[in-house]
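Report on one structure; see the data block that follows.
Throughout, residue positions are numbered sequentially from 1 according to the sequence presented.
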Amino acid sequence: AGVVRAEVAAQLLEKVVIRVKGRIKKAEVEAREQLDLGRLGKVASEISKIWDSCLLACVAKGKPAEKVEVRGGPTPSKRQEADKFESIVGSLTLELQGTRGQQEAMKQLDFNKDLISLPELDLDLNSHLAKARAALDLLWVAREHLEKAGTQEAQSKIMAFANVALELAIRCCDSPKVQKLLQIEPSLSSGKAVAGGIPFVCSAAASDHPAALEMLVSAGADINAKDEKKATAIHYAVRHRCKAAL
């Protein structure tokens, strides 16, 4: 009789896990849809649903959840399966933090103005660079969160802001960040931050950042690349009185 009851209990627990998996998958899909739409409050709500489901799954599979006592202890295989549920919460939470960071970074700048060109007056330039540094710092922390998430969706978000991060790193003369971005994706060197913006070599020249110029050219950038008005890096260096870049 005891064996029969154990088998029935095992079957019931397996049904619980199957239903819980369905709940987790549905909430995960909804969370990712809301992430794409920028509805971050809704994402947090879906993550909470997943976590509640994870706790149910952990108990059902024999893994002790917080403040829940389970005798005998789970087998390694049960722990591994339950851990998969928890990893969904972890990756989504990191994606949420990264997305929030990217949004906060963009609030520091006028996306369609500040990323087109650099101010020429010293007072305006100093104010601009302070905002650029704040945005770069936020983007970098967001990038770290998304890298830890380790999902394809997180990687897509990183690449969506890679050009902007490179532009800001060049303007802020942050050589280590410029180097890391170009090492990860050398093809960035030949681009620009936004449509209508200036080539990265022009930004480096206007920022008097010769180290960035060298890294961009080494990664494949054309030093004679022109902006929409046919101006090259030399023109920008002269216009912004950048002797080191020249």
I would like to know whether Gln102 and Leu146 meet side-chain contact (heavy atoms from CB on, under 4.5 Å); could you show each step before the answer?
CA-CA 10 Å; Gln102 289 177 333; Leu146 293 169; 3.5 Å; yes
Value for CD (Gln155) from CD (Glu153), rounded to nearest 0.5 Å, stands at 11.0 Å
When you compare the side chains of Arg100 and His145, does any donor N or O come within less than 3.5 Å of an acceptor on the partner? no
TODO: For atom CZ of Arg39, decide whether the heavy atoms of other residues, nucleotides or ligands shown that lie under 6.0 angstrom number more than 12.
DONE: no
Apply side-chain contact (heavy atoms from CB on, under 4.5 Å) to the pair Leu115 and Leu168, showing each step before the final yes or no. CA-CA 8 Å; Leu115 293 174; Leu168 295 174; 4.0 Å; yes
- prompt: Would you call Arg143 and Glu147 a salt bridge, using N to O less than 4.0 angstrom?
  reply: yes
Rounding to 0.5 Å, atoms NE2 (His240) and CG (Asp208) come to a distance of 11.0 Å
All heavy atoms of Ala132 vs all of Leu109, minimum pair found to be N-CD2, 4.1 Å
- [ ] Answer with yes or no whether the hydrophobic clustering places Met215 together with Val201; edges join I, L, V, M, F, W, Y residues whose side-chain heavy atoms lie under 4.5 Å apart.
- [x] yes
When you compare the side chain of Val164 with that of Met106, does any pair of heavy atoms fall below 4.5 Å? yes
Counting heavy atoms not belonging to Leu40, are there more than 12 under 6.0 Å from its CG?
yes
Whether the Gln108 and Glu104 side chains hold a donor-acceptor pair (N or O, under 3.5 Å, no angle test) is what I'd like checked. no
For Ala31 and Val43, the nearest pair of non-hydrogen atoms, with its separation, is O-CG2, 3.6 Å
On a heavy-atom basis, the closest approach of Leu136 and Ala169 is CD2-CA, 3.8 Å
Value for CZ (Arg239) from NE2 (His235), rounded to nearest 0.5 Å, stands at 8.5 Å
Worksheet entry | Short side-chain donor-acceptor distance under 3.5 Å, His209 and Ser175 | yes
Next item on the list: Using the rule that two of Ile, Leu, Val, Met, Phe, Trp, Tyr join whenever any of their side-chain heavy atoms come within less than 4.5 Å, decide whether Leu216 and Ile223 are in one cluster.
Entry: yes
(Q) I'd like to know whether Arg171 forms a side-chain contact (heavy atoms from CB on, under 4.5 Å) with His128, so could you lay out the CA-CA distance, the side-chain angles of the two residues, the decisive distance to 0.1 Å, and finally the verdict. (A) CA-CA 10 Å; Arg171 294 188 185 192; His128 167 78; 2.9 Å; yes
Practice prompt. Using a strict cut-off of less than 4.0 Å between a Lys/Arg side-chain nitrogen and an Asp/Glu carboxylate oxygen, indicate whether Lys148 and Glu144 qualify as a salt bridge.
Written response: no
To the nearest 0.5 Å, atom CZ of Arg133 lies from atom SG of Cys173 at 9.0 Å
For Leu188 and Leu181, the nearest pair of non-hydrogen atoms, with its separation, is CD1-O, 3.9 Å
*Over 12 foreign heavy atoms within 6.0 Å of NZ, Lys226*: no
Next on the checklist: According to a hydrophobic-cluster definition based on side-chain heavy atoms being under 4.5 Å apart (Ile, Leu, Val, Met, Phe, Trp, Tyr only), do Leu94 and Leu96 belong together?
Outcome noted: no
Here the pair of heavy atoms bringing Phe161 nearest to Leu139 is CD2-CD2, 4.0 Å
Where the side chain of Ser45 meets the backbone of Gly41, is there a donor-acceptor pair that is under 3.5 Å apart? no
Would Asp227 and Lys192 pass as an ion pair if we require N to O under 4.0 Å? no
query: For Glu185 and Leu166, what are the C-alpha separation, side-chain angles and deciding distance, and is it a side-chain contact (heavy atoms from CB on, under 4.5 Å)?
result: CA-CA 11 Å; Glu185 191 56 59; Leu166 180 56; over 6 Å; no
OG (Ser207) and OH (Tyr236) are apart, to the nearest 0.5 Å, by 11.0 Å
One should read off an interatomic distance between Cys202 SG and Leu213 CG, to the nearest 0.5 angstrom, of 9.0 Å
Worksheet item: Are Ile158 and Val141 connected, step by step, through hydrophobic side chains (Ile, Leu, Val, Met, Phe, Trp, Tyr) whose heavy atoms are closer than 4.5 Å?
Response: no
Closest non-hydrogen contact found for Ser190 with Ala221 is OG-CA, 3.8 Å
